[in-house]
Amino acid sequence: MFSQQRIALFQNHPTPFYVYDLGLLEKTLAAMNAASSQYNYHVHYALKANSNREILDRILKSGMGADCVSGNEIKRALESGFTPDQIVFAGVGKNDTEIRFAIANDIFCFNCESLPELEVIAQFARDANKTARVALRINPNVHANTHHYITTGLEENKFGINIHELPEVIEAMKQYPQLELIGLHFHIGSQITDLNVFRSLCTRVNEIQEWFASRRIILKHINVGGGLGVDYHDVENNLVPDFKTYFEIFAKFLEVRQGQQIHFELGRSIVGQCGTLISRVLYVKKGVQTNFAILDAGMTELIRPALYQAYHKIENLTPSPGATDLRYDVVGPVCESSDCFGKALDLPEVKRGDLIAIRTAGAYGEVMASGYNLREREETMYLPL
Ligand code: LLP
């Protein structure tokens, strides 16, 4: 819950807006570093979760690398002070401009997802008279037990090279002296809360490593992706994710070969809890079965509920003293029935002008905002330490 002092600050700010608690971000980064440094793991931050400059500044200072999925994310990372050797570039559809840009900047590694992509990278590296370092993104066919829209490691998904294609890919790579194969990459999905899934991933990676070792192919870097989930329900008690248990699983089950470095790409678990969407109630409208609390924020600011039926905790920050709970559907102003943040929620009686907080919106919130309906964008607020 926010202090009265902070709520007073929000009152004077045009809504809707995102607010980020930079103190919490620093605490999260410190916890992540304490847990990962025990094993000498290299952790990259997935910019796609949130690429705000203030946030990137803190993340850079914490020593994380950068995981980018577009040319503009690489640009943003470089502008923010990440060095090229800290940048990995993933994505199933990298375009020509993006590949050329990444080669020109000598990024650390391309995570390659298909044979046709390898051919294009090789061609552009040749044109630039450079060598491109690549890791093969392998689709490990491990179920992530998460929403099907954010599952990426199954054969039915578009991501990665399937295991049965590996002999062909390795054979084909012999034609490309411009490519230096430095490792393997995996990412099986996001918002993973069943940590056994990561144990299954480790087992599969061990098997795949065995396959490469039997062919005497040496891989210096193993990147196991991201995906660690956050608690959208019991927010206050889980502001900092359990990085310790997460990294312990890899330490216990992943077989690391001599001289190998292990990499991770975390997004949501770093920034999810530090962001909140603050909105104001425009109207309270009586429906037939429920009341509607109509907010000035909608799916244009936070699309996760509409797109993934995602739950975000909703709080009335300014209830009248002694207000009792009533039941509401909390909705946005956009002309779409999916523009709904939560159904049948019990909240202290809501009135026009109340401030509503939508929690755990730091990851995949502001970055996924859209220009639909030409709605205004209000300035973001950063709470200092
Ligand atoms: N690495 C790769 C290759 C990825 O595709 C992703 C996320 C990550 C790392 C970071 O995963 P994280 O640690 O944040 O789970 N918009 C969706 C989430 C999409 C995730 C896409 N990939 C949502 O709002 O839930």
Side-chain angles (χ1 to χ4, degrees), residues 28-29 32 36 41-51 55 59 64-70 73-74 77 87-94 109-114 117 135-140 142 144-154 157-161 183-195 197-198 201 221-232 241-243 246-247 250 263-275 277 299 301-312 341 358-370:
T28 308
L29 289 166
M32 190 282 295
S36 65
Y41 288 156
H42 295 246
V43 190
H44 305 261
Y45 169 66
L47 265 79
K48 65 162 81 73
N50 190 314
S51 45
I55 287 181
I59 289 173
M64 292 181 88
D67 164 36
C68 300
V69 287
S70 71
E73 282 192 358
I74 297 176
I87 297 177
V88 293
F89 183 20
V92 70
K94 303 175 184 78
C109 187
F110 286 84
N111 293 331
C112 292
E113 308 224 3
S114 66
E117 183 194 329
L136 301 177
R137 175 169 181 180
I138 297 178
N139 185 329
V142 171
N145 259 343
T146 182
H147 192 281
H148 62 285
Y149 280 10
I150 51 176
T151 293
T152 52
L154 291 178
N157 301 128
K158 66 182 173 184
F159 302 98
I161 296 165
L184 301 179
H185 174 233
F186 304 84
H187 174 77
I188 53 174
S190 195
Q191 184 51 18
I192 295 171
T193 51
D194 171 4
L195 297 188
V197 163
F198 293 116
L201 172 64
H221 302 276
I222 301 294
N223 183 331
V224 290
L228 175 62
V230 295
D231 194 336
Y232 283 92
D242 185 1
F243 294 108
Y246 171 69
F247 288 121
F250 289 90
H263 299 252
F264 293 79
E265 299 166 343
L266 296 178
R268 189 190 315 262
S269 51
I270 304 295
V271 291
Q273 296 293 25
C274 76
L277 176 60
M299 64 195 291
E301 284 68 45
L302 179 66
I303 202 175
R304 302 194 69 258
L307 193 56
Y308 317 111
Q309 299 77 47
Y311 173 87
H312 284 260
F341 289 116
I358 305 180
R359 304 290 304 269
T360 321
Y364 308 108
E366 203 173 357
V367 279
M368 291 180 81
S370 78

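Both ligands and their constituent atoms are indexed starting at 1 by order of listing. Nothing fancy with the numbering, it's 1 onward along the sequence. For the numbers below, each heavy atom of this structure counts, side chains included, while hydrogens, waters and symmetry mates do not.
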Q: Nearest to atom 11 (O) of ligand 1 by heavy atom, Gln191, Arg268, Met368, His187: which?
A: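 When every heavy atom of Gln191, Arg268, Met368, His187 is considered, His187 comes closest to atom 11 (O) of ligand 1.
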
Q: Sort out for me which residue in Asp194, Leu201, Leu195 forms a side-chain contact (heavy atoms from CB on, under 4.5 Å) with Val197.
A: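 Only match with Val197 under side-chain contact (heavy atoms from CB on, under 4.5 Å): Asp194.
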
Q: Side chain or backbone of Asp67 under 4.0 Å from ligand 1, or both, or neither, by non-hydrogen atoms?
A: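 The answer is the side chain of Asp67.
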
Q: May I ask you to decide whether Glu73 forms a salt bridge with Lys48, counting only side-chain N to carboxylate O separations under 4.0 Å?
A: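 Result for this pair is no, no salt bridge flagged.
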
Q: Taking the ring centre of each residue, are Tyr246 and Phe264 less than 6.0 Å apart?
A: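 Here the rings of Phe264 and Tyr246 have centres that are less than 6.0 Å from each other.
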
Q: For ligand 1, is there an N or O atom under 3.5 Å from any N or O atom of Lys48?
A: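 Such a contact does occur with ligand 1.
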
Q: Suppose I only count heavy atoms of Arg137 and a 4.0 Å limit; which atoms of ligand 1 are within that range?
A: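 Those qualifying, in numeric order: 3 (C).
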
Q: Taking 4.0 Å as the limit for heavy-atom contacts, which would you say applies to Arg304 with ligand 1: side chain only, backbone only, both, or neither?
A: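 Within the 4.0 Å criterion, Arg304 contacts ligand 1 through side-chain atoms alone.
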
Q: Is Gly227 close enough to touch ligand 1? Criterion: a residue heavy atom under 4.0 Å from a ligand atom.
A: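 Judged by the 4.0 Å heavy-atom criterion, Gly227 does count as contacting ligand 1.
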
Q: Give yes or no for whether the N/O distance cutoff of 3.5 Å, strictly under, is met between Tyr308 and ligand 1.
A: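 Yes, at least one N or O pair falls under 3.5 Å.
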
Q: Should Tyr232 and Gln191 count as side-chain neighbours, where that means a heavy-atom distance under 4.5 Å?
A: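 They are in contact (side-chain heavy atoms under 4.5 Å apart), so the answer is yes.
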
Q: Considering only heavy atoms, does Ala46 approach ligand 1 within less than 4.0 Å through its side chain, its backbone, both, or neither?
A: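 Answer for Ala46: side chain.
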
Q: Quick one, Gln273 and Thr28 - any side-chain contact, counting heavy atoms below 4.5 Å?
A: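 SC-SC contact between Gln273 and Thr28 ruled out.
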
Q: Identify, by atom number and element, the atoms of ligand 1 in contact range of Gly267, meaning under 4.0 Å from any of its heavy atoms.
A: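 Heavy-atom distances to Gly267 below 4.0 Å select 12 (P), 13 (O), 14 (O).
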
Q: Locate the shortest heavy-atom distance separating Val367 from Asn50; write the atom from each residue and the value.
A: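 Smallest interatomic distance, heavy atoms only, reads CG1-CA, 3.7 Å.
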
Q: Working to the nearest 0.5 angstrom, can you tell me the gap between Leu277 CG and Thr360 OG1?
A: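 These two atoms lie 11.5 Å from each other.
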
Q: Are the side chains of Val43 and Phe247 in contact, using a 4.5 Å heavy-atom criterion?
A: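 Sidechains of Val43 and Phe247: in contact.
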
Q: Short list, please: which atoms of ligand 1 are under 4.0 Å from a heavy atom of Leu266?
A: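 In order of number, 13 (O).
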
Q: Can you tell me which portion of Glu265 lies within the under-4.0 Å heavy-atom range of ligand 1? Options are side chain, backbone, both, or neither.
A: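 Within the 4.0 Å criterion, Glu265 contacts ligand 1 through backbone and side-chain atoms alike.
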
